Amino acid sequence: MPRRHLRVKGAPEAPLRTALRALRAELDVPGAFPLQVLVEAEHAAKSPRLPSYDATDLPLFTIDPPTATDLDQAMHLSRRPGSASGAGTGAGGYRVRYAIADVAAFVTPSGALDAEAHRRVTTLYFPDDKVPLHPACLSEGAASLLPGHTCPAVLWTLDLDADGRTETVDVRRALVRSRAKLSYADAQKKIDEGTAEEPLALLREIGGLREHLEVERGGISLGIPEQEIVEHAAPADRAAALPAPSTPQTADVTYELTYRAPLPAERWNAQISLLTGMAAADLMLAHGTGVLRTLPAAPDGAVGRLRRTADALRIDWPHHVSYAYLVRSLDPHDPHHAAFLLECTTLLRGAHYTPFRDGDLPDITTHSAVAAPYAHCTAPLRRLVDRYASEICLAAAADSPTPDWVLTAFDTLPDEMAEGTRRAGRAERECVDLVEAALLKDRVGEVFEGCVVDVEEGQPAAGTVQLESPAVIGRLAGTPGDRLPLGERLRVRLTQAEPGAAKVRFVPA
């Protein structure tokens, strides 16, 4: 899902505000929820279908961005009896309890709320707002795993051995109550300082073991620094603290783009979600019915192109070294390595949602980046398919038939998810383009320091430049016949930047 979450207080400056409205119209972004949907959601929030199993004594906690209120997952980590302290030692191993918001407890199949979710498919994030998959009374209220709030959930229990490998899996509906909402920074600080209690402290231990297993099976996690929209409080005395030319203002805040490397706690947290998605896929395959997230292996030509890029960037890639191992050895803070990692994303395109039923397994059952079967099941408040995945897994664990309303959706769900995913990805890319143009609209003609992170195949004078500051990535066009220096520092001149009309463009200075 998109990671650039921001809610700008007050109104963005006029050009950006106008451009965001135009983008929403162009993407056919849903507006306010219809009255019938809101009425159904309010009723469901007050009277969900509650499970009989009570797990409210389990001290779950969530780890999310600090401003997030649509909380899909909560966890509790513990050692199993007989395990010793220290990764990879002892006989007992670990127990992961992972609670996922039970959206199906609130949404009635074929109702108005269900139909609207199928129209929206995913939550969309914009610099000034978000367009949620479900009404806020559910996604940020009754169905969200907020601290101190008792609600229905799909509770996974995954027992791992001492090396972090999955031994047993149980999934059932349960009443849960999270105890604490942590930000990634909070969690990282507690873990680093040694003040975290065991259920949080084990995140580093279990996450590290799962990362090791990812390497072992040939999985890939790209550690590319992200562009992030950052909000700052406006100075109390504007006259005494004039804004920098590259920083657009609102009545209440300033905002800018920066580069941000994910914290280790984010990686470890992602491994818990990945662990659950792999367990879900295994349940589906054993059950003979499911919806997998599949990605074919990259064609030889694509890998060959990456090898040529590695040569151009002077990255040593011996033929006996696997692609996955090479990626893990790179430092994203090195310009050559960052450029190569950006190129590696081309191998991750082409993922699909692949349904199957009655034991008729698809030709491809694995996700090549995960290097194992995998399913999306941990974000049902923000992604439509996850509600269906949870139902399939509950049926598989209980050895019962998959509900008819789930099977009925198989004909249309993959296409709906593909279109929704494309719209979400485009919204994220276009929003960053708009903010970049807003940041730089008054700086056309200025020269910036940057690094060439991509050169178009067959057009060596055209490519992409990543500025050092501000955190902007834009198109770069040299003189025909020239060859851009891939992976090298380069001074570039800004030639255009106009929110909604022209994306940022550069030429070599």
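Remember, it's a predicted structure, so these values are computed and weren't measured experimentally.
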**Complete:** Here the pair of heavy atoms bringing Leu145 nearest to Ala101 is CD1-N, 4.1 Å
**Item:** Approximate separation, where rounding is to 0.5 Å, of Cys151 SG and Asp102 CG
**Value:** 9.0 Å
**CG-CD1 distance between Leu326 and Ile315, expressed to the nearest 0.5 angstrom** = 6.5 Å
**Item:** Arg423 and Leu124, any side-chain heavy atoms less than 4.5 Å apart
**Value:** yes
**Asked** Looking at Asp72 and Arg382, does any basic side-chain N land under 4.0 Å from a carboxylate oxygen?
**Response** yes
**Prompt:** Would a 4.5 Å heavy-atom cut-off, applied to side chains only, mark Tyr94 and Asp159 as touching?
**Reply:** no
**Prompt:** Could you walk me through whether Tyr98 and Leu155 pass the side chain to side chain contact (heavy atoms under 4.5 Å, CB included) check?
**Reply:** CA-CA 6 Å; Tyr98 206 43; Leu155 181 62; over 6 Å; no
**Prompt:** Between the main-chain N or O of Arg97 and the side-chain N or O of Thr157, is there a donor-acceptor pair closer than 3.5 Å?
**Reply:** no
**Backbone N/O of Asn269 and side chain of Ser273: donor-acceptor pair under 3.5 Å** = no
**Message:** Which heavy atom of Leu20 sits nearest to which heavy atom of Leu434, and what is that distance?
**Reply:** CD2-CD1, 3.8 Å
**Stepwise side chain to side chain contact (heavy atoms under 4.5 Å, CB included) check, Val171 with Leu394** = CA-CA 6 Å; Val171 56; Leu394 287 163; 4.0 Å; yes
**Asked** Which atom pair, heavy atoms only, marks the closest approach of Pro403 to Ala395?
**Response** CD-CB, 4.5 Å
**Complete:** Residue pairs meeting salt bridge (Lys or Arg N to Asp or Glu O under 4.0 Å), one or both in residues 131-150, sequence neighbours left out, come to Lys130-Glu140
**Asked** Is the NE2 atom of His118 crowded by more than 12 outside heavy atoms at less than 6.0 Å?
**Response** yes
**Item:** Backbone of Gly111 reached by a side-chain donor or acceptor of Thr108 within 3.5 Å
**Value:** no
**Asked** Taking the side chain from Arg210 and the backbone from Trp268, do they hold a donor-acceptor pair closer than 3.5 Å?
**Response** no
**Message:** Is a donor from one side chain sitting under 3.5 angstrom from an acceptor on the other, for Arg383 and Thr122?
**Reply:** no
**Asked** Would you call Lys46 and Glu42 a salt bridge, using N to O less than 4.0 angstrom?
**Response** no
**Item:** By side-chain contact (heavy atoms from CB on, under 4.5 Å) - contacts of Glu198 (at least two apart)
**Value:** Arg79, Leu202
**Request:** Check whether any side-chain heavy atom of Leu413 sits under 4.5 Å from a side-chain heavy atom of Leu384, and report yes or no.
**Result:** yes
**Message:** I'd like to check the ring-ring contact (aromatic ring centres under 6.0 Å, His included) partners of Phe106; sequence neighbours left out, ordered by chain and number.
**Reply:** none
**Message:** Can you tell whether the side chains of Arg120 and Glu416 come within less than 4.0 Å, N to carboxylate O?
**Reply:** no
**Message:** For His287 and Thr402, which I'm curious about, is there any donor-acceptor pair between the side chains at under 3.5 Å?
**Reply:** yes
**Complete:** So CD1 of Ile63 and CD of Gln188: to nearest 0.5 Å the spacing works out to 9.5 Å
**CD-CG distance between Glu266 and Asp64, expressed to the nearest 0.5 angstrom** = 10.5 Å
**Asked** Hey, are Arg387 and Asp114 close enough for a salt bridge, meaning a charged N less than 4.0 Å from a carboxylate O?
**Response** yes
**Request:** Walk me through it: do Asp186 and Lys189 pass the test salt bridge (charged side-chain N to carboxylate O under 4.0 Å, His left out)?
**Result:** CA-CA 5 Å; Asp186 291 337; Lys189 183 178 180 182; over 6 Å; no
**Message:** Taking atom CD as the centre, does Glu197 end up with more than 12 heavy-atom neighbours from other residues, nucleotides or ligands that are less than 6.0 angstrom away?
**Reply:** no
**Asked** Is any side-chain heavy atom of Leu158 less than 4.5 Å from a side-chain heavy atom of Thr276?
**Response** yes
**Message:** Around atom CG of Asp57, are there more than 12 heavy atoms from other residues, nucleotides or ligands closer than 6.0 Å?
**Reply:** yes
**Request:** Validate the cation-pi geometry between Arg172 and Tyr53: distance from NZ or CZ to the six-membered ring centre under 6.0 Å, angle to the ring axis within 45°.
**Result:** yes
**Prompt:** Checking salt bridge (charged side-chain N to carboxylate O under 4.0 Å, His left out) for the pair Arg173/Glu391: CA distance, chi angles, key distance, verdict?
**Reply:** CA-CA 10 Å; Arg173 284 195 155 91; Glu391 290 303 312; 2.2 Å; yes
**Request:** Could you give me the CA-CA distance, side-chain angles and deciding distance for Val103 and Leu138, then say whether side chain to side chain contact (heavy atoms under 4.5 Å, CB included) is met?
**Result:** CA-CA 8 Å; Val103 175; Leu138 296 179; over 6 Å; no
**Ser178 backbone acceptor or donor facing His149 side chain under 3.5 Å** = no
**Item:** Nearest heavy atoms of Val37 and Ala112, plus distance in Å
**Value:** CG2-O, 3.6 Å
**Prompt:** Which heavy atom of Val327 sits nearest a heavy atom of Ser221, and at what distance?
**Reply:** CG1-O, 4.0 Å
**Prompt:** Are any non-hydrogen side-chain atoms of Leu203 and Met75 less than 4.5 angstrom apart?
**Reply:** yes
**Asked** Between Arg24 and Asp129, is a side chain to side chain contact (heavy atoms under 4.5 Å, CB included) present by the stated rule, with each step listed?
**Response** CA-CA 11 Å; Arg24 289 188 179 93; Asp129 205 355; 3.9 Å; yes
**Pairwise distance CG(Leu58) to OG1(Thr56) - rounded to 0.5 angstrom** = 9.0 Å
**Message:** For Arg177 and Thr150, which I'm curious about, is there any donor-acceptor pair between the side chains at under 3.5 Å?
**Reply:** yes
**Asked** Are any side-chain N or O atoms of Glu436 and backbone N or O atoms of Val472, one a donor and one an acceptor, separated by less than 3.5 Å?
**Response** no
**Ring centre gap for Tyr374 and His352 strictly below 6.0 Å** = no
**Prompt:** Salt-bridged, Glu216 to Arg165, with N to O below 4.0 Å?
**Reply:** yes
**Asked** Does the side chain of Phe410 come within less than 4.5 Å of Phe356's, by heavy atoms?
**Response** no
**Prompt:** So, Gln466 side chain and Cys451 main chain: donor-acceptor pair closer than 3.5 Å or not?
**Reply:** no
**Distance-only side-chain donor-acceptor flag, Thr294 / Thr354, under 3.5 Å** = yes
**Prompt:** Is the shortest heavy-atom distance from the side chain of Ser139 to the side chain of Leu133 under 4.5 Å?
**Reply:** no
**Asked** Roughly how far, to the nearest 0.5 Å, is the CG atom of Leu71 from the CG atom of Leu381?
**Response** 8.0 Å
**Asked** Should Leu407 and Thr289 count as side-chain neighbours, where that means a heavy-atom distance under 4.5 Å?
**Response** yes
**Residue pair Cys377 / Ser390: nearest heavy atoms and the distance that separates them** = O-OG, 3.9 Å
**Worked check of ring pair (Phe, Tyr, Trp, His ring centres under 6.0 Å) between His367 and Tyr353** = CA-CA 10 Å; His367 190 291; Tyr353 289 97; 9.9 Å; no
**Request:** Could you tell me whether the side chain of Arg80 and the main chain of Leu160 form a donor-acceptor pair under 3.5 Å?
**Result:** yes
**Request:** Could you tell me whether the side chain of Thr195 and the main chain of Ile191 form a donor-acceptor pair under 3.5 Å?
**Result:** no
**Prompt:** Under 3.5 Å, side chain of Trp317 to main-chain N/O of Val321, donor-acceptor pair present?
**Reply:** yes
**Item:** NZ/NE/NH1/NH2 to OD/OE distance under 4.0 Å, Lys190 and Asp192
**Value:** no
